[in-house]
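So the structure is just underneath, and the comments pick up after that.
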Amino acid sequence: MSGLATAVVVSGFVAADAQRSAGNKAADAQRAAAGQGIDEQGRQLDAVRELLKPYVTAGNGALTGQQDLAGLNGQGAQQSAISGIENGPQFAAMRRQGENSILANASATGGLRGGNTQAALAQFSPQLLSQLIDQQYSRLGGLTSLGQNSAVMQGNAGMQTGNNISNLLQQQGAAQAGAFINQGRATSGMVNSVVNGIGMYAGGGGFGSKSQPTSYDWTGSPGYF
């Protein structure tokens, strides 16, 4: 093969190899960047979950407390919840203060031993307990709403993270596809360089030259293209 033809082939191989190498490096860099993005998305989602975890946990507990007071978890749980309020320090303090106020008012009006006073004392404790149950249920409802909102925020963060990761995975796929296409082009370039080199060699007096027999006819005489 002539020197020029050899140079064409060699330069073609070098150029194609350089193209393949550059394309693969670019694809690797893109895949690596997308992978880092996926990892970072996961870390951020974990951070959001960790921040909202106390609120979600409080909301779950508050919802259970509401269900207990409403009797949705059984009579035993309801009785336990009501007893917890009745035996609590708030109920004891408010009952003592209320009863003292009733007695003081009755003493001032001279009706300390009257039936109205005894009726007021008898009604005060159940009314107070009912009031505190309603207050407790309402307070738990605030925590339940807080937990629900936090859970929704977690869900939205998860959906957004999923979308972001999906996009990054598509970028990784595109990078891989680009690498395959680049390899195909590089291989095509190598083949073209070989073909061009052979063409130059043939045109310059190689095996395709008319000075060399390239085939024989049926009589055995050399034939020429």
Side-chain angles (χ1 to χ4, degrees), residues 11-85 88-90 132-193:
S11 63
F13 270 91
V14 172
D17 185 66
Q19 178 186 359
R20 180 191 295 111
S21 178
N24 288 341
K25 288 181 179 179
D28 289 342
Q30 187 174 355
R31 286 196 297 267
Q36 291 174 355
I38 292 173
D39 293 339
E40 183 61 26
Q41 288 290 327
R43 284 192 292 269
Q44 292 301 322
L45 179 59
D46 290 340
V48 170
R49 286 174 174 169
E50 192 64 25
L51 287 172
L52 296 176
K53 182 179 179 180
Y55 305 99
V56 175
T57 300
N60 290 336
L63 178 59
T64 301
Q66 283 186 297
Q67 291 172 331
D68 289 344
L69 287 174
L72 298 179
N73 292 330
Q75 294 183 355
Q78 184 180 38
Q79 182 60 54
S80 177
I82 293 174
S83 296
I85 297 174
Q90 182 182 18
L132 291 182
I133 291 174
D134 290 341
Q135 289 181 355
Q136 178 71 354
Y137 190 89
S138 179
R139 291 169 180 169
L140 290 173
L143 290 175
T144 299
S145 296
L146 179 63
Q148 180 183 18
N149 293 335
S150 299
V152 170
M153 292 176 65
Q154 278 192 352
N156 291 337
M159 291 178 62
Q160 183 62 45
T161 299
N163 291 334
N164 293 340
I165 290 178
S166 177
N167 292 333
L168 291 170
L169 289 173
Q170 290 178 3
Q171 293 179 20
Q172 283 187 328
Q176 185 64 56
F180 290 148
I181 293 173
N182 175 71
Q183 290 176 5
R185 289 174 178 172
T187 301
S188 177
M190 289 183 179
V191 173
N192 288 335
S193 68

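All values reported here derive from a predicted model rather than from experimental measurement.
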- Message: To the nearest 0.5 Å, what is the distance between CD1 on Ile38 and OG1 on Thr161?
- Response: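 Taking CD1 in Ile38 and OG1 in Thr161, the distance rounds to 12.0 Å.
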- Qualifying side-chain hydrogen bond (donor to acceptor under 3.5 Å, both in side chains) pairs, either residue in residues 140-156, two or more places apart: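 Residue pairs passing side-chain hydrogen bond (donor to acceptor under 3.5 Å, both in side chains), neighbours aside: Gln66-Thr144.
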- Message: Tell me which pairs pass side-chain hydrogen bond (donor to acceptor under 3.5 Å, both in side chains) where either residue lies in residues 74-83, with sequence neighbours left out.
- Response: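 Found Gln79-Ser83.
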- Message: Contact between Gln90 and Gln135 at the side-chain level, heavy atoms closer than 4.5 Å - yes or no?
- Response: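 Side-chain contact under 4.5 Å: yes.
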- What pairs with Ile133 under side-chain contact (heavy atoms from CB on, under 4.5 Å), at least two apart in sequence or on another chain?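 side-chain contact (heavy atoms from CB on, under 4.5 Å) check on Ile133 returns Leu69, Ile82, Ile85, Leu129.
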N/O donor-acceptor pairs under 3.5 Å from side chains in residues 42-49, not counting sequence neighbours:
from	atom 1	to	atom 2	distance (Å)
Arg43	NE	Glu40	OE1	3.1
Arg43	NH2	Glu40	OE1	2.7
Gln44	NE2	Glu40	OE2	2.7

- Qualifying residue, where the test is side chain to side chain contact (heavy atoms under 4.5 Å, CB included) with Asn60 and the options are Val56, Leu63, Thr64, Thr57: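 So the option named by the test is Val56.
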- Query: For Ala62 and Leu143, which heavy atoms make the closest approach, and how far apart are they?
  - Reply: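 Looking at all heavy atoms of both residues, the closest pair is CB-CB, 3.5 Å.
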- Message: Holding to side chain to side chain donor-acceptor pair (under 3.5 Å), I want the full list of residues that pass it with Gln41, two or more places apart in sequence or in another chain.
- Response: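 Only Asn164 meet the side chain to side chain donor-acceptor pair (under 3.5 Å) criterion with Gln41.
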